[in-house]
Amino acid sequence: MSVRLRIAPSPTGLLHVGNARSAVFNWLYARHHGGTFIVRVDDTDTARSEEKYVAQMMEAMRWLGLDWDEGVGVGGPHGTYRQSDRFDRYREVANRLVDAGSAYRCFCTPDELDARRQAAQAAGRAPGYDGTCRAHSVAEAEDRVAAGESFSVRLAIPRPGVTEFFDLVRDDMRFDHEVIDDFVILRSDGTPTYHLASTVDDVDYEITHVARGEDLLSSTPRHILLTQAMGAEPVTYAHLPLLFGPDGKKLSKRHGDTSMDAYMKAGYLPEAMFNYMSLLGWSYDPEVTIYTPEQAIEKFDLADVSKNPAIFDVKKLEWMSGEYMRELALDDFAARSLAVIEAERSLSDEQRRQYLALAPLIQERVKVLPEVLEMSDWLFRDEVEFDEKSWDKVMKPEAADVIDEALVRLEGLAVWTTESIEAAMRQMLDDLELNPRKGFQPLRVAATGSMISPPLFESLEVLGQSTTLERLRRARAQFE
RNA sequence: GGCCCCGUCGUCCAGCGGCCUAGGACGCUGGCCUUUCAAGCCAGUAACGCGGGUUCGAAUCCCGUCGGGGCUACCA
């Protein structure tokens, strides 16, 4: 039988990087086995779920390079793949379980539950549901329902008992039913809880493997028990290590970003993001860090996933994005970076040509796309904006003489190319007995405004002779 | 508190009883290259949490301990 995996985010916010990593692993496993990857929307929490998040979540996954065979946005044999459209189905299952005696109605009020929980905790007992309503007869329950009492539905955990399962990353797991309370599967307002909806969907959609965050590990016996109560065969589980922030604490806004959306907007290359995420808890090869999705698909196995939690290291992501950036074909880089620039300012054909001429030099200097903005800003301005630190550092009094001399020599150039400019300027260095630093940095600051820029002569060539001279003169004037 | 998971360089991963005087990558440091910044190249830094076992032999197996994390809702 072919494998069927799913990713089922809740659209209550932007797609979290942890979820995205789960998506990557599920996708890799499905693709490795030639199986089916499904995207489902777990929106049982209708109050907090928003349509815009469904769209953003899909955008983020597509951006990462993931595709799915069934689910939201692509359809398939199981309806809309949204839990909010399936409440009737969940109620039907809950009712069936009640009829079969594997679940029961609970009439305890939230206040009562709360009081008993606090009492239990104070007495040092487990805070879970104490099973009060499980003792009621079915007849009594029917009467109370008829009398209009509201109720929730709880699963009757077999007692005593033990649930054992094999986890692809954690091996043999065993939970004594002592530690599992009769949890709610259907709320008193008739809506399903996550446990019910998720389990029913996994059964109905014939999911074979569930790879999800380790935070759900202790809920797994509940899901298995529920599955069995439905008369179905449990899926194979794989609980992935959690992702943390640099401080070892939960990944949060405080340091770095937690949403895929943020990394998209920050301009990291999606290819790098995919590669980096697949490295969190897995390794392609002890000696190989950079590889294609195809290569990852070929080697990926959930059984090889590490058990250790991983810290999301933005530094390494940055490095990797830079690696991919330099690997981009020039026209690909040009297209991607131009898109970023033209989102900020409109460019004339001439300016676009100028940028393209410098693009290869810029390409090897950026890690994330938005950096091209700073790298090229000097090129498009009417007047250079001098970076104060650069000016102070480079424009010493002697620099004025250098600029004067350069002005004369550059003005006299009949041919304006990188080569001719360089030849003239090196000659100037010789004649004036200046080192490159003293001789070239003032020109760089004068032309670009900063002591950090793309290579000087290429930059001047692209700028053009008249603009270059104009900028040198203006810089020179600042000395007075 | 209870249940569960995890513990190799600062970080991610390799290691699944001898190939380990522990390997790769990021980072960091130094050097080379160099008109700046990058890139590139070279070198260096740095780890098996601790204590007991088992074994001829342990990073690898067992126990304990300490540390980190997760769960403990009519959230997901």
Side-chain angles (χ1 to χ4, degrees), chain A residues 8-10 12 42-45 47-49 106 108-110 113-114 117 121 124-129 150-154 167 169-170 173-176 178-181 183-195 197-198 213-221 239 241-242 244 246 248-250 276 279-290 306-320 322-323 326 361-367 371 375 390 393-394 422 425-426 429 435-441 443-445 448 450-457 459:
Chain A
S10 293
T12 54
D42 278 15
D43 55 352
T44 49
D45 189 345
R48 289 197 300 144
S49 294
C106 172
C108 299
T109 66
L113 256 21
D114 219 47
R117 179 168 22 249
Q121 258 167 338
R125 295 195 315 273
Y129 184 62
S150 86
F151 62 89
S152 63
V153 176
R154 292 177 183 273
D167 187 288
V169 349
R170 274 148 229 284
M173 296 300 310
R174 178 192 164 90
F175 289 87
D176 195 303
E178 296 264 321
V179 302
I180 307 170
D181 70 343
F183 62 99
V184 171
I185 58 176
L186 199 69
R187 301 189 191 95
S188 50
D189 65 0
T191 63
T193 61
Y194 160 76
H195 300 300
S198 177
E214 196 203 314
D215 51 337
L216 262 352
L217 184 56
S218 32
S219 293
T220 302
H239 286 90
L242 261 18
F244 293 102
K249 296 245 173 59
K250 206 165 179 158
Y276 179 67
L279 234 29
L280 257 22
W282 183 69
S283 89
Y284 172 76
D285 177 285
E287 310 289 318
V288 180
T289 306
I290 306 239
S306 155
K307 300 177 187 5
N308 309 5
I311 288 172
F312 192 90
D313 181 10
V314 183
K315 275 273 178 50
K316 190 159 183 175
L317 204 213
E318 258 171 30
W319 163 78
M320 193 169 275
E323 290 286 304
R326 290 185 294 276
L361 266 15
I362 291 175
Q363 179 174 12
E364 52 186 305
R365 288 172 167 73
V366 298
K367 290 178 159 65
E371 283 182 271
M375 284 297 186
S390 295
K393 183 123 191 242
V394 172
E422 175 160 12
M425 292 299 93
R426 289 207 185 275
L429 249 44
N435 62 31
R437 178 178 233 95
K438 284 246 186 268
F440 294 158
Q441 285 300 76
L443 306 183
R444 182 189 305 282
V445 173
T448 71
S450 166
M451 53 194 284
I452 298 172
S453 84
L456 183 60
F457 309 120
S459 298

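Below, chain A is the first sequence line, B the second, and so on; all start at residue 1. These figures come from a predicted structure and were not determined experimentally.
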I need a per-nucleotide contact map over nucleotides 28-48 of chain B, read 5' to 3'. Cutoff is protein heavy atoms under 4.0 Å; write B for the base, S for backbone only, - otherwise. -------BBBBSS--------

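As a whole-Å value, the separation of A:Glu178 CD from B:rG1 P is 20 Å. Put simply, CD on A:Glu287 is 15 Å from C1' on B:rC26, counting in whole angstrom units. Atoms NE2 (A:His239) and P (B:rG70) sit 16 Å apart, rounded to a whole Å. Note: CD (A:Gln121) to P (B:rU72) measures 12 Å, nearest angstrom. The nearest whole Å value for the distance from the NZ atom in A:Lys316 to the C1' atom in B:rG27 is 10 Å. The nearest whole Å value for the distance from the CD1 atom in A:Ile290 to the P atom in B:rG24 is 17 Å. Between A:Tyr194 atom OH and B:rA73 atom P there is a gap of 16 Å when expressed in whole angstrom units. Here the P atom of nucleotide B:rC9 and the CG atom of A:Asp313 are 15 Å apart, to the nearest Å.
Between the side chain of A:Thr44 and the main chain of A:Pro192, no donor-acceptor pair closer than 3.5 Å is present.
Nucleotides B:rU11 and B:rG69 are separated by 14 Å at their P atoms, to the nearest Å. For the P atoms, the distance linking B:rG23 with B:rG15 amounts to 15 Å, nearest Å. Across B:rG31 and B:rU36, the matching P atoms stand 15 Å from one another, rounded to whole Å. Remark: the separation of the P atoms in B:rC50 and B:rC9 is 10 Å, to the nearest Å. Taking atom C1' in both B:rG1 and B:rU60, the straight-line distance is 34 Å, to the nearest Å. With C1' as the reference atom, B:rC48 and B:rC16 are 14 Å apart, rounded to whole Å. The separation of B:rG24 from B:rC20, taken at their P atoms, amounts to 12 Å, rounded to a whole angstrom. Comparing the same atom, C1', in B:rU65 and in B:rA73 gives a spacing of 34 Å after rounding to whole Å.
Of all heavy-atom pairs spanning A:Ile362 and A:Pro454, the tightest one is CG1-CG, 4.4 Å. Taking all atoms of both residues into account, the shortest heavy-atom contact from A:Ser450 to A:Ser453 is O-CB, 4.5 Å. The minimum heavy-atom distance between A:Leu279 and A:Ser283, with the atom names listed, is CD1-CA, 4.5 Å.
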Short N/O separations, protein against nucleotides 5-7 of chain B, under 3.5 angstrom:
| from | atom 1 | to | atom 2 | distance (Å) |
| --- | --- | --- | --- | --- |
| B:rC5 | O2' | A:Arg170 | NH1 | 2.5 |
| B:rC5 | O2' | A:Glu214 | OE2 | 3.3 |
| B:rC6 | O3' | A:Asn308 | OD1 | 3.0 |
| B:rG7 | OP1 | A:Asn308 | OD1 | 3.2 |

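The partner of B:rC37 cannot be assigned: no Watson-Crick or G-U wobble pair with both contacts below 3.5 Å exists in any strand. In this entry B:rC3 has B:rG70 as its Watson-Crick or G-U wobble partner, both defining distances falling under 3.5 Å. For B:rG18, the paired base is B:rC56 (Watson-Crick or G-U wobble, both distances below 3.5 Å). Across all strands shown, B:rC28 forms a Watson-Crick or G-U wobble pair with B:rG44, both key distances being under 3.5 Å. The pairing partner recorded for B:rG23 is B:rC13, the criterion being a Watson-Crick or G-U wobble arrangement whose two distances lie under 3.5 angstrom.
When each of B:rA76, B:rC13, B:rU72 is scored by its nearest atom to the side-chain atoms of A:Pro127, the top-ranked nucleotide is B:rU72. Side chain of A:Val184, nearest nucleotide from B:rC74, B:rG24, B:rC4: B:rC74. Nearest nucleotide to the side chain of A:Ser219, out of B:rA76, B:rC74, B:rC12: B:rA76.
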Does the pair A:Arg365 and A:Glu371 meet the rule for a salt bridge (charged side-chain N to carboxylate O under 4.0 Å, His left out), with working shown? CA-CA 9 Å; A:Arg365 288 172 167 73; A:Glu371 283 182 271; over 6 Å; no

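Side-chain nitrogen and oxygen atoms of A:Thr44 include at least one within less than 4.0 Å of the OP1 or OP2 phosphate oxygen of B:rA76.
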